[in-house]
Amino acid sequence: MDSFQQLIYGFGVALQPMNLLWALVGSVLGTAIGVLPGIGPALTIALLLPVTISIAPTAAFIMFAGVLYGAMYGGSTTSILINTPGEAGSMMTALEGNKMARDGRGAPALATAAIGSFVAGTIATIALTFVAPSVAELAFILRPADYFALTVLSFCSVAVVMGASRVRGFISLFIGLALGTVGIDQMTGQPRLTFGVADLLDGVELTVVLVALFAVGEILFVASRYDRSQEKPLKVGGRWFTREDFCRSWKPWLRGTVIGFPIGTLPAGGSEIPTMLSYTLERKLAKKPEEFGHGAIEGVAGPEAANNAAAAGILVPLLTLGLPTSATAAILLAAFQNYGLQPGPNLFNSNPELVWGLIASLYIGNAMLLVLNLPLVGIWVKLLSIPKPQLYAGILIFALIGIWGVSGSVVDLMLMVAIGLMGYVMRVYDFPIAPVLIGLILGQMAENQLRVALASRQGSPWVLLETPTSVVLLLIAAGTFLVPMLLRRLRAAA
Amino acid sequence: MTSFHAARPYWLAAIVIGMGGVCIWGASFLPGASRYAGIGPGAFAMIVGVGLVLLGGILAIQILRGATFEAQATESADTDRPVNHKALALALIAAAVPIVTIQALGLPLTAMISFTLVARAFGSRTLWLDLGVGLVLGSLSWLLFNALGLQLGDFLPFIGG
């Protein structure tokens with residue numbers, strides 16, 4: 001069967017009434033969460049993980065897809081109306097969109113963001129539909145040494161790209177790797193770094209680390225530096241989205257998509273770089289570049305499209321190689337593992353219902369979100385009137401349930417406090433947080449592939465350089481942190 | 001003197017080196033090599049430990065050279081304002097309370113205590129309302145997630161129900 005037939009089959013799955021309901025639940029939850037401060041898509045899915053006990057995998061992933069896209073729609077709403085970008089990907093939107101809203105052009109700003117997200121999300125999902133199966137085929141050729149090289153490349157790019165300093169990025173990564181070594185060794189069955197604590201034999205749960213770093217760390221940080229001044233959301237007023245707005249928006253939407261999707265598929269592509277690239281490009285191409293910084297609609301349309309396209313791109317390495325490249329992808333991988341499923345080339349053959357139902361529901365979720373967000377934006381903004389003290393208190397309760405409900409282990413609650421405190425320190429001293437999660441989840445994969453590769457050649461390390469793919473990947477990995485260093489040298493010399 | 005310590009947080013490097021030390025110590029009990037794979041269960045932990053010690057050393061050198069640390073920007077937080085240590089401590093206690101109470105008092109009452117403490121850390125002065133909201137939120141979540149099949153313990157363990 002080719003991709004097109006598979007997709008039709010996927011729509012058959014996604015359009016079942018119960019699955020549509022889950023897509024709606026996910027989209028509503030995602031939008032609400034995107035609007036609220038303090039919780040992003042990764043944390044939301046982590047807190048929803050307990051429901052995987054009682055919901056079938058296909059329904060759960062359809063809901064998670066809704067959360068993933070919905071959070072981005074909600075995030076752009078708050079960026080435009082109260083100038084608080086919830087995540088790195090909406091920073092550029094806040095820059096221009098909030099200026100537009102201040103000039104009474106809130107409605108066109110919201111419209112170009114929502115329609116742009118829809119256009120980019122749909123095109124990127126089409127790209128995902130046709131790219132993913134071929135990448136999955138490609139993945140069958142990859143040998144353990146190639147997979148190891150791929151994880152090394154992910155490590156290097158995550159640590160270099162995220163955060164202000166490479167050393168701090170690598171420290172975050174290695175903390176994640178260290179946490180990942182705790183527990184029974186998968187290959188020999190020996191307990192590692194458990195120090196006699198029975199609860200640690202299963203390893204440190206990704207959910208505990210993620211909830212502690214994102215929820216507890218954030219609560220501690222905001223509590224210690226709480227800004228009481230409540231910013232009132234701007235009115236969604238002014239003239240509606242005009243023909244001129246559309247004419248100025250459609251090219252940035254398409255360009256944003258073209259930038260966002262491929263970068264999203266790369267290890268550590270994320271959403272920060274494509275949105276910035278798109279913003280810079282639109283500024284360069286604009287007929288009136290002087291408008292930038294004062295509310296240029298191109299500066300909202302491009303980055304918003306890039307952001308959504310990148311989010312779809314992230315699903316390519318996740319579904320085809322089982323390689324998470326962002327915090328959200330890492331938690332989705334954990335959700336797959338909760339069901340005993342391993343994303344990768346085999347998933348397309350063993351669970352076509354899940355994979356194609358998920359992809360089809362991305363199309364449906366996108367359309368749903370456009371309807372939910374364009375006319376109903378006023379309702380979402382009302383969520384901002386929940387008082388902050390009770391909001392953050394509620395987040396802690398859900399964090400507690402997320403951890404206690406899954407493990408019922410007091411040791412996990414202690415870990416939550418300790419890692420939460422670490423999350424606080426990391427925020428104060430600007431250590432990036434996502435590399436911890438990538439290290440935790442990919443570390444085990446890197447180690448297993450390394451040991452399988454070495455075992456196949458009686459431990460000769462040359463096996464790692466045996467295939468051209470692994471050599472190329474390792475060279476790119478070395479390049480990610482040698483090239484910026486060289487550039488700096490050259491610049492200093494010039 | 002305080003500004004000197006604030007600007008030169010050597011303890012960060014010490015913690016990183018310490019974590020590396022723990023990994024190396026833990027790995028030293030494990031076989032580093034195995035018959036077929038060349039490396040055994042201890043090797044990876046050892047590599048990670050050595051990596052952390054090296055990175056901690058580089059961080060210490062950066063701090064010595066006067067590296068600056070700027071707090072990350074986030075919603076609702078003003079990173080320029082002085083740190084409210086009392087609020088930080090209250091929030092930390094709120095996160096730690098479940099360790100001692102969750103088995104004895106159960107989830108709903110634990111949620112009530114933690115909820116009230118966090119709300120207070122954020123300057124809420126409506127004590128009775130917070131207690132009520134926390135209790136209702138904890139009870140409703142218990143009922144909902146229990147129905148979904150989560151093991152959240154007894155509703156009120158101390159009366160055995």
Side-chain angles (χ1 to χ4, degrees), chain A residues 37-38 50-51 53-54 84 86 167-168 170-171 174-175 177-178 181 185 187-188 190 192-193 195 216 218-228 387-390 392-394 396-398 400-401 404-405 408 410 413-414 416-417 420-421 427-430 447 450-451 454-455 458-460, chain B residues 9 12 16 19 23 26 30 34 36-41 44-45 48 51-52 55 58-59 62 69-72 74-79 81 83-84 87-88 91-92 94-96 98-99 102-103 107 111 114-115 118-119 121-124 130 133-134 137-138 141 145 148-153:
Chain A
V51 303
I53 291 171
S54 46
T84 48
V167 172
R168 278 173 253 170
F170 272 104
I171 289 174
F174 270 75
I175 290 174
L177 290 176
T181 57
D185 174 41
M187 299 188 98
T188 61
Q190 295 187 54
R192 273 200 302 195
L193 303 185
F195 304 104
V216 180
E218 178 89 358
I219 291 168
L220 294 176
F221 183 70
V222 179
S224 69
R225 290 158 175 80
Y226 180 43
D227 181 4
R228 250 162 251 262
K388 294 283 160 57
Q390 283 75 17
Y392 281 95
L396 181 66
I397 302 309
F398 286 111
L400 173 64
I401 292 168
W404 178 249
V410 176
L413 291 180
M414 292 179 190
M416 173 183 95
V417 177
L421 195 61
R427 279 176 172 76
V428 174
Y429 292 95
D430 201 10
E447 185 187 0
L450 174 65
R451 284 163 72 178
L454 288 175
Q458 279 80 40
S460 157
Chain B
L12 282 174
V16 174
M19 281 196 249
C23 285
L30 292 162
S34 89
Y36 305 108
I39 62 168
F44 200 73
V48 173
L52 276 171
L55 286 164
I58 298 173
L59 185 66
Q62 285 191 337
F69 296 86
E70 271 181 42
Q72 289 168 15
T74 181
E75 284 179 64
S76 311
D78 180 358
T79 49
R81 87 179 36 227
V83 179
N84 183 345
L88 176 62
L92 192 60
I99 296 172
I102 197 134
Q103 278 170 334
L107 181 83
S114 287
F115 186 93
V118 176
F122 278 85
S124 168
D130 291 340
V133 173
L137 190 67
S141 318
F145 285 104
L148 282 173
L150 239 61
Q151 299 293 320
L152 290 164

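Proteins come first, then strands; the chains are lettered A, B, ... in the order of their sequence lines, and each starts at number 1.
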Would you call [X] and [Y] a side-chain contact if the rule is heavy atoms closer than 4.5 Å?
{"X": "A:Trp404", "Y": "B:Pro98", "answer": "no"}
{"X": "B:Pro41", "Y": "A:Arg451", "answer": "yes"}
{"X": "B:Phe44", "Y": "A:Asp185", "answer": "no"}

> Given a strict heavy-atom distance threshold of 4.5 Å, which part of B:Ile99 is in contact with chain A: side chain, backbone, both, or neither?
Replying inline: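 Both parts, heavy atoms under 4.5 Å.
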>> Given heavy-atom pairs under 4.5 angstrom as the criterion, report whether the side chain, backbone, both or neither of B:Phe145 touches chain A.
In response: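 Side chain only.
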> Of the options B:Asp78, B:Leu88, B:Val83, which is the one that meets A:Arg225 in a side chain to side chain contact (heavy atoms under 4.5 Å, CB included)?
Replying inline: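 Among the candidates, only B:Val83 passes.
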>> Can you tell me which of B:Ala119, B:Ala91, B:Ser124 forms the most heavy-atom pairs within a distance under 4.5 Å of chain A?
In response: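 Option with the greatest count: B:Ala119.
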> Who among B:Ala96, B:Ala95, B:Ala94 has the most heavy-atom pairs with chain A under 4.5 Å?
Replying inline: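 Ranked by heavy-atom pairs under 4.5 Å with chain A, first place is B:Ala95.
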Please flag which part of [X] lies under 4.5 Å from any non-hydrogen atom of chain B: side chain, backbone, both or neither.
{"X": "A:Met414", "result": "both"}
{"X": "A:Ile171", "result": "both"}
{"X": "A:Thr181", "result": "side chain"}
{"X": "A:Gln190", "result": "side chain"}

>> So which residue, A:Leu177, A:Val216, A:Ile219, A:Ile401, ends up with the most heavy-atom pairs under 4.5 Å with chain B?
In response: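 Most heavy-atom pairs within the cutoff with chain B belong to A:Ile401.
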